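Here's the structure, in structure tokens; my notes come after.
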Amino acid sequence: MTTKAKWAFAIAVVLAAVLHGAGSRADDPSTLVWADAGEPSTIDPAKANINWELTVTRNVYDRLVNFDLSKPAKLEPALATSWTQDGTAWTFKLRDGVKFHDGSPFGAADVKASIDRLLRIGQGQSYLVADITNVTVVDPQTVKIETKGPNVFLAGNLSRIEIIAKADIDKHAGDADKGDAWFGEHANGTGPYAFVAWTRGAQIELKRNAGWWGGFPKGAFDRVIDRFVGDGASRGRGLEGGEFDLASFVPRDDALRIGHSAGFHAVEGNNLWAWPALYLNMELKPTSNPDFREALVRAFDYSAMIKYFQGGAETGRGPVPSWFPGSPENSEPPIATDLAAAKAALARSGLAGASFTCSVPSGFPEFSFAATVLQSSAAQIGVKVQIDEQPFVQAITAIKEDKSNCFVLGNANLSPTDATKFFAAHYLKGGFFNSGKFYDAGLEATMAKIPTIADEAERNALLKQAFETVVNAHYIIWAARPTTVIPEPDRIEGYRIDPAEYINVRFWEIHAK
Amino acid sequence: MAAFLARRLAWGVLVLLMVAILTFFLSRVVPADPAAFLAGQNASEATVARIRAEYGLDQPLAVQFGRYLGGLAVGDFGQSLRTHRPVAVDLAQFLPATLELLIVSFLVYVTVSFFLAVAAARHPSGWVDACIRLFTMLGTGIPVFWLGMALQFVFFYRLHWLPLSGRYPIREIAPPSITGFLLIDAALAGKPIAVWRALQSLTLPALTIVLNLLAVGTRMSRAALIAEYDRPYIRTARGKGVSARAILYRHVLRNVLSAVLAVTTMQFGYMLSWVILVEVIFGWPGIGLYAYQSFQVFDYAPVIALAMVSTAGFVVINLLMDLLYPLIDPRVRRIAA
Amino acid sequence: MSSTAPTPQDVVAVLATSPSASASASDRALLAGACLVFAVFAAFALLPDLLAPYDPIILDVSHRMQAPDWEHWFGTDEGGRDVLSRVIHGTRYSLGLAVAIVLGSALFVVLYGAIAGLARGWVDDVLMRIVDLFFGIPALVLALAVAAAIGRGLETVVISLAAIWWPGYARLVRGEILSLRERPHVEAARAIGVPLPALLRRHLLPFVVQAVNVRVTTDIGYALVAVTALSFLGLGAQSPTPEWGLLIRDSRPYFGSAWWYLVFPGTMVMLAAGAFSVIGDALASHAAGRER
């Protein structure tokens, strides 16, 4: 060998020896790396409303009430230890001895300040408690919250409302924007994990709050790194290769395969109310025609979606999933493909041979696939569908501005007990996700009435009515309701699917085995 | 010379202005509403309207553009609707990452490309040459994002040699950021292991860029070298018994330097354009990824800022080239005179 | 600085089309291989319905994500569609677009460059300044802006790429014309008063076309990669068009479970671009040979 070649060979050998095993591995026992699907725009709990923002706010702050993930109707004490309803007033007794991460004590004044601020800002999850009219500090351990009308769901909805420190609000109140910008980048909560640092473009670091009022399981992680990994394929790769310990929204095929491979197990559960659902534009031809919509609903190939989810899904029968407390779904007629009925409905509509556009949010393979199924199903009855894939905000704006007849969405109901919030967002006038502009006066009245009724059976009867109203309007094609699959490495335990949210993570329940 | 410089600078400014106009107006002729994104899901119409007014999004286009141009003149690129920070601050944060990647890749590329081209040109039609030609032929057709994914698959997923993404191994604590260039910061912190770790994370993205550039650049450098070797004076030199090494270093290289420089310049400009793809695949927190994420949510100030920065880069590089070129190649100087 | 001095861009233009092929046996074999590949892709583009074993659009979800086997040489995708058939049908879009962009730019520009080269003086200056302006725009950013304005789709890809492709040709054509002007036969023709159109047609264009030819052939490979890159970012073709870049994009979430979905379309891009590169090389050698 020439001298040069010998050198090259030697270098290669050394390099290989050094590189091997130098890649990141999950050896560090007290750090948990969570790969989230995006970078927060803000970590202000009054404004956070998308999964990767909630990842931070849910773990850094506490709420008055929690709920049992396996039984969402069962509320659990958190910052409040007990609560009672009396007409339009709810009274919460607060926990003693709780401190914020900066050491200051927590009390009723913080609850009032948090809720007042949330309602002032009007963004984030404020819609869940928008009917609050007044918050009163009865004494440092008691707070009274009054609503416009009696609302049996208030406590459950408060399980999503984070409590921040009044002192922080006051400290920055003099700033130009009432200090809102400070909360976008800083977090001082009472929660199980404290905010440490935010490296833009890369990650947010949290550290365990040893003085938290709740208990940590043995092997809880001292340090959590919330990594922003915008690409689903990379999250899957990284999870499988050990670079991440857990990952959000791993594409389903990968999630199933990894979950059933050596070194992993799959955590499965119900969570989303629709994943995906196709929303039809009620105000734009040809989908403004109810028979045309019915034709699409009947023509859609639901079995293709079930196969896509490899059997781990069911076809929805309406807006409320069967596992939700009080859901009428199991008593409703199943929805199935019926080409003959579809063609008949199409004939009745007089719009045979029509064509329309479907705007599809990019980044979700299930959405693209559902749109593709719609395209091919519609082709079976002679209707042409054009797909336009765009980022989420552009896609939803397209249908709202009547540039598209259809939109694909997947969603959960953030409240564990209150279905009216989901209806409000999706089927009532002005709801953000009511992209197809559905409107039914009876439905509006029903939704306003339900929270005021104390008797559960009566509420469920009204819910059934509402369910049927939406189904009969053929506004939505419920493409599938799949289970959620999260692959968890065998060295880690504790991840549970949150039935009332998108993929959500409670860091305080996760521990090394 | 001064007149030339002034003219080219003025020209550069004109190009920048044109790009600003183009991207600004194109981005505003958009069928969607940044205010809706800002307000977030479930916000009421009133909230959205309030936010629209807050950010000045309800002003007529010309007013918005006027404000934007005015800001540009003082180095203010506007506010990012997504990060809620001034774009200038975001750029200062993310630009070093992109530059570090580009500069390191480029240095490696220039070195390797030189050796490959020389190897090919010294023995044209030999088997080394054939391998290199095959490589360049196939290499031009490999999309850079495909290459990146393939490298990730082999080196992270299968071999576990290198990290999947990011600038620094996730579980390790990165050195404090002083210059924004991790390699330099690690050295400043006095930790060789940190330098090593930063290099590991840099390897795959840089390798992707290097391989991509090599395919095209080597082909052209090789062509230049071959053309030079073909000249009569080389044959004369060989006939006189001048050694191959002397021919290479004393004659050939000096004469092709300008051509190679031209190719290298073009490559750098090309890479400025497509570095977004590499950053997206490798989660590299540079301005490419930043602009792409902003684009997805209608936040256009960063996209325009990226356009300006890359165009400015193009202009500067081309200007440098135009200046250096006649200096390096006396033949051109003679024609120009 | 005189505007007729060769600029770095001119040098690059020349190098990009410099002959690097020789007449050796291995080179001839390579050329033969490239021509075969070209023929196959041409067949794919012109007769996809005949050659593709399955329909590229119709879903067959029961057979989704199947590894390559005798029934499906390239495997199936997430909807059960045959990847080979999709690739075959996609040729028309990906390669067709690349060819259209490059040819379109070249055609437009032959006239543009000819005018600049013949007119000289301030007309030449202005035309070349416009070219320089377009040279300065980063391709991808322009594509993002165009997509923002007119939405996504194949039109966006064509407009964005054509806008940044033509400046290169303008310079090439102009350069050719400039050097051709000085040639003896052209001087002679002008001396005896041959009118301009005839001059163009008989004495200038044939050489210009030859030079452009070479560049066009090599450039189709680059254009193809650019087209796929734009689709990959979501700016180009939309579902269910089986354009290669879109196939690669769609394959990403399934890569861990279906490597074939990513590998085969990518390989097609590589082969097509490589083939055009080899053919372009051969054309360049041929042209250089004739010139000598």
Side-chain angles (χ1 to χ4, degrees), chain A residues 16 18-28 31 33 38-39 41-42 47-50 121-127 130 181 184-185 199-203 225 227-231 233-234 237-238 240-244 362-363 391-394 396-398 400-401 403 425 430-433, chain B residues 30-34 36-47 50-51 54 81-85 90 93-94 97 149 152-153 155-157 159-172 174 177 196-197 200 203 280-286 289-290 292-293 295-298:
Chain A
V18 173
L19 281 179
H20 184 71
S24 262
R25 289 227 212 233
D27 305 326
D28 186 344
T31 299
V33 179
E39 178 169 12
S41 174
T42 175
K47 295 185 180 171
N49 60 18
I50 200 157
I121 291 178
Q123 294 173 244
Q125 297 159 99
S126 61
Y127 73 99
E185 296 189 320
T199 311
R200 296 273 176 175
Q203 66 191 41
I225 296 183
R227 192 93 181 153
F228 319 132
V229 185
D231 174 52
S234 297
R237 282 304 64 63
E240 212 176 345
E243 182 144 307
F244 313 130
S362 52
F392 184 89
V393 182
Q394 293 182 16
I396 197 171
T397 311
K400 284 185 181 177
E401 293 186 355
K403 297 209 173 59
F432 182 82
F433 292 117
Chain B
V30 147
D33 192 2
F37 161 72
L38 277 173
Q41 303 165 6
N42 296 302
S44 63
E45 266 305 314
T47 311
R50 190 195 79 212
I51 293 200
E54 245 175 65
L81 304 180
R82 181 176 63 93
T83 66
H84 304 292
R85 303 196 307 178
D90 283 338
Q93 169 133 26
F94 296 120
M149 290 172 67
Q152 276 179 327
F153 185 74
F155 288 99
F156 165 74
Y157 189 55
L159 296 173
H160 289 286
W161 282 5
L162 296 167
L164 177 73
S165 56
R167 286 183 87 186
Y168 202 79
I170 298 180
R171 290 162 210 276
E172 312 296 343
S177 170
W196 176 240
R197 291 205 185 107
Q200 276 185 299
T203 303
V280 167
I281 302 267
F282 287 97
W284 191 263
L289 184 60
Y290 168 65
Y292 184 63
Q293 287 172 325
F295 171 75
Q296 305 229 282
V297 293
F298 285 126

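Since the structure is predicted, the reported quantities are computational estimates derived from the model, not experimental observations. Letters A, B, ... are given to chains in the order of the sequence lines, protein chains preceding strands, and every chain is numbered from 1. The figures here come from the full heavy-atom set of this structure, side chains too, leaving out hydrogens, waters and symmetry mates.
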Checklist entry - Can you say whether B/R197 sits under 4.5 Å from chain A via the side chain, the backbone, both, or neither, judging by heavy atoms? => result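 Neither; nothing under 4.5 Å.
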
Checklist entry - Is it the side chain or the backbone of B/F94 that comes within 4.5 Å of chain A heavy atoms, both, or neither? => result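 Just its side chain gets close to chain A.
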
Checklist entry - Side chain, backbone, both or neither: which part of A/R200 has a non-hydrogen atom closer than 4.5 Å to chain B? => result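 When you check distances to chain B, atoms from both the backbone and side chain of A/R200 fall under 4.5 Å.
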
Nearest 0.5 Å please: distance from the [atom1] atom of [X] over to the [atom2] atom of [Y].
| X | Y | atom1 | atom2 | answer |
| --- | --- | --- | --- | --- |
| B/Y157 | A/E243 | OH | CD | 13.5 Å |
| B/I170 | A/F244 | CD1 | CZ | 4.5 Å |
| A/S234 | B/M149 | OG | CE | 7.5 Å |

Item to check | Among the listed options A/R237, A/Q125, A/Q203, A/E185, the residue most often paired with chain B at heavy-atom distances under 4.5 Å | outcome: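 Looking at each of A/R237, A/Q125, A/Q203, A/E185 in turn, A/R237 comes out on top.
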
Checklist entry - B/P285 and A/G201: which non-hydrogen atoms are nearest, and at how many Å? => result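 Between these two residues, the closest heavy atoms are CB-O, 3.7 Å.
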
